[in-house]
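Okay, so here's the structure we're looking at.
Naming convention: chains lettered A, B, ... in sequence-line order (proteins, then strands); numbering from 1 in each chain. Reckoned from all heavy atoms, side chains included, excluding hydrogens, waters and symmetry mates.
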Protein chains: 2
Amino acid sequence: MEKKIKMTPQRAAIMEYLDGNMSHPSADEIYTEVHKMYPMMSFATVYNTLDALKKQNMVWELSVDGDRRRYDPRTEPHDHLVCVDCRSIKDIGHNGHKCPSGDELKGYMILREHVEYFGLCPKCQRKRGMGGDG
Amino acid sequence: MEKKIKMTPQRAAIMEYLDGNMSHPSADEIYTEVHKMYPMMSFATVYNTLDALKKQNMVWELSVDGDRRRYDPRTEPHDHLVCVDCRSIKDIGHNGHKCPSGDELKGYMILREHVEYFGLCPKCQRKRGMGGDG
DNA sequence: CTTGGATTTGATAGTAATTATCCCGATTAT
DNA sequence: ATAATCGGGATAATTACTATCAAATCCAAG
């Protein structure tokens, strides 16, 4: 682990918001929510803090959503179920899967693996009519 | 399959550039390269065309790189090996892995799955000194 | 408690990727 | 041929994110 980061009210507020949060919020959502309780919070601080937390491996930055980065306070290996309609992200366990043949990874040093399942959540299936097409 | 898209010189040029391309280029790279041969090509057309190709499932849009979207003309199931330093992306076969327990996927309709392996390519391992740190 | 240095904050400007708009030209249907 | 539709090019607008920097805050030493 790198050197510890200094705890500040702003950082505490962000960590408190993220703790146990399963919604995989974007920086914008984090700002909006935390700002309600701590109006002195600035956007830059959100990005700064997320950056610090990333370096500490206290938060994961997900690129699952092409539109914006999403943040996940769970940092044990796990995978994600992404709804292609509403962009909701659900954690699922990492079921350890067959690694590709050694040849394919030749020379690479693997640090982390992540499975993304793209699909439709129950709600969005209904919204689409599912069978009626939209 | 949706309705067929109209073929135009611009679209043909982009498809020609993408065909067999393993570099997973960004829209910017596609524009730059195609523009060399077809100077009348505009940026908007690149995005329009990629959009059309996506809808036809003739190209995949990858969100592996948080900074920009990357495009992949291979649309059979396969996974990716991503270098966290140089951001290069290498195709690897999809080795079909243990699906999560039915419970976790409850109610979801899975359309596609994708494994991303984050690591260091041989070149970047050397650049880092790998043991010397940089 | 005060000083001093380092770090963090917050406002904002800047950048880069992507999307929207608008109008023209090409193509298609009638 | 005419009207409607669609694609293309230029560019403005939007959005997410990064950089900058003065002022506030914290921590250690005295």
Query raised in the report: At their closest point, which heavy atom of A:Leu120 faces which heavy atom of A:Cys83, and how far apart are they?
Result: CA-SG, 4.0 Å
Report task. Please check if any side-chain donor atom of B:Glu113 sits under 3.5 Å from a side-chain acceptor atom of B:His94, or the reverse. Result -> yes
Requested in this report: Send over the distance from B:Glu29 CD to C:dT18 P, rounded to a whole Å.
Outcome: 11 Å
Report task. Please check if atom CE in B:Met37 has more than 12 non-hydrogen atoms from other residues, nucleotides or ligands closer than 6.0 Å. Result -> no
Query raised in the report: Separation of B:Asp51 atom CG from D:dC6 atom P, in whole Å?
Result: 15 Å
Report task. Determine the sole option in B:Val64, B:Leu18, B:Asp91, B:Asn21 for which the side chain to side chain contact (heavy atoms under 4.5 Å, CB included) test with B:Asp72 is passed. Result -> B:Asp91
Report summary line: Regarding the side chain of B:Arg11, the nearest nucleotide among D:dA16, D:dG8, C:dA16 is D:dG8
Query raised in the report: For A:Asp67 and D:dT14, what is the distance between atoms CG and P respectively, to the nearest whole Å?
Result: 17 Å
Requested in this report: Among the candidates C:dT7, C:dT18, D:dG7, find the nucleotide nearest to the side-chain atoms of A:Lys6.
Outcome: C:dT7
**Report entry** Whole angstrom value for the distance that separates P of C:dT12 from OH of A:Tyr31
**Finding:** 11 Å
Query raised in the report: What integer distance in Å separates A:Leu62:CG from D:dC17:P?
Result: 12 Å
Query raised in the report: Picking from B:Arg69, B:His80, B:Arg87, B:Arg74, what satisfies side chain to side chain contact (heavy atoms under 4.5 Å, CB included) with B:His24?
Result: B:His80
Requested in this report: Five pairs at each end of the helix from C:dC1-D:dG30 to C:dT30-D:dA1: take the axis at both ends and give me the angle between them to 10°.
Outcome: 30°
Do any side-chain atoms of residues 42-49 of chain A form donor-acceptor pairs under 3.5 angstrom with protein atoms, and if so which ones, sequence neighbours left out?
residue	atom	partner	partner atom	Å
A:Ser42	OG	A:Ala44	N	3.2
A:Ser42	OG	A:Thr45	N	3.3
A:Ser42	OG	A:Thr45	OG1	3.4
A:Asn48	ND2	A:Ala44	O	3.4
A:Thr49	OG1	A:Thr45	O	2.7

Query raised in the report: Between B:Gln10 (CD) and C:dG25 (P), how many Å, whole number?
Result: 15 Å
Report task. Please work out which residues in residues 36-49 of chain A have a non-hydrogen atom less than 4.0 Å from an atom of DNA chain C and list them by number. Result -> A:Met40, A:Met41, A:Ser42, A:Ala44, A:Thr45, A:Asn48
Query raised in the report: What is the distance from CZ of B:Arg69 to C1' of D:dA16, rounded to the nearest Å?
Result: 11 Å
Query raised in the report: Does NZ belonging to A:Lys123 count more than 12 external heavy atoms closer than 6.0 Å?
Result: no
Query raised in the report: Do A:Trp60 and A:His78 have ring centres separated by under 6.0 Å?
Result: yes
Query - Residues B:Asp28 and B:Arg68 bridged, charged N to O under 4.0 Å - result: no
Query raised in the report: Nearest nucleotide by nearest heavy atom, which residue falls closer to the 5' end of DNA chain D, B:Thr8 or B:Gly66?
Result: B:Thr8
Requested in this report: Return the value, rounded to whole Å, for the distance between atom CG of A:Asp65 and atom P of D:dA16.
Outcome: 10 Å
Query raised in the report: Base, sugar-phosphate alone, or nothing: which one does B:Asp28 contact when heavy atoms must sit under 4.0 Å apart?
Result: nothing
Requested in this report: Look at the side chain of B:Arg68 and decide which nucleotide, out of C:dA17, D:dG7, D:dA16, has an atom nearest to it.
Outcome: C:dA17
